[in-house]
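Quick notes on the structure that follows.
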Amino acid sequence: MALFMKKNPTIKVETSTAVYDGSPLVCKLSASEFQPDSAIGDKAWETYGREMALAPLPQVGAELGLYAEPPMILSVYDRAKNRDAALKLADFLVNDPEAGKILGMARGLPANLRTRVAITPGLSGPWKQVHAYEESISSQVKLGPPAPPKGASANFLLFNKLYEDVMYGKFTPEDAARRYYAEAQQNLAG
């Protein structure tokens, strides 16, 4: 992939790392991708003629090593002008089964089990497959880590930028790693 990106500098890194219309999987340039199960979409499903399967990452030993990761994290700025209304909206989107039916799997499999049960009968295609996969491994999935610390989203963006810079030869991996750690520490310090 790195060699491909260096030879094709007009392709953005987002095109090669997300499951959507331009991903290598959807474009039939790869046979598999390592992505969250909720990243499977209708386009990938149609491209492969509905012959896709989901599987856990390769493992050593009996444990899968997977944890439950929220498909979408909602947050409300503590000093927002309409903080109470924003909190009500977030609560509604996460916890109301009717909202869950409207949103479906647009934000991944709902974290609220009551909402998940409410949407399950209406699932079809890839979302039904994602649901079945998650049900099949649910007894082996561990609890997820705590919420990310302040600055984590900035570090995620920084990583993606530096990754692209390495892929296009702007930085060596060693230089990018030094820069990442220096800037990441500043982001986390606030």
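Predicted model, so just to flag it, every value in this text is computed and none were measured.
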Could you tell me which non-hydrogen atom of [X] sits nearest to which non-hydrogen atom of [Y], and how far apart they are?
X: Ile119; Y: Gly100; result: CG2-O, 3.1 Å
X: Pro149; Y: Leu188; result: CG-CD2, 3.9 Å
X: Lys101; Y: Ala118; result: CE-O, 3.6 Å
X: Asn187; Y: Asn155; result: ND2-OD1, 2.7 Å

Should [X] and [Y] be counted in the same cluster of Ile, Leu, Val, Met, Phe, Trp and Tyr side chains packed under 4.5 Å apart?
X: Leu93; Y: Ile102; result: no
X: Leu162; Y: Phe156; result: no
X: Val94; Y: Leu89; result: yes
X: Val76; Y: Leu103; result: no
X: Tyr180; Y: Leu157; result: no

Exercise. Do Arg116 and Leu113 touch side chain to side chain, with heavy atoms closer than 4.5 Å?
Worked result: yes
Exercise. Do Gln140 and Leu66 come within less than 4.5 Å of each other through their side chains, counting heavy atoms only?
Worked result: no
Exercise. Got a second to check how far Ser153's OG is from Leu158's CG, nearest 0.5 Å?
Worked result: 11.0 Å
Problem set entry | Sole residue of Gln186, Gln185, Arg179 in side-chain hydrogen bond (donor to acceptor under 3.5 Å, both in side chains) with Glu183 | Arg179
Problem set entry | Salt bridge flag under 4.0 Å for residues Lys161 and Glu164 | no
Exercise. Can we say Arg178 and Asp175 salt-bridge, meaning some charged N sits less than 4.0 Å from an Asp/Glu carboxylate O?
Worked result: yes
For this session: Using modelled atom types only, decide if a donor and an acceptor are shared between the side chain of Asp96 and the backbone of Ala99 within a distance under 3.5 Å.
Result: yes
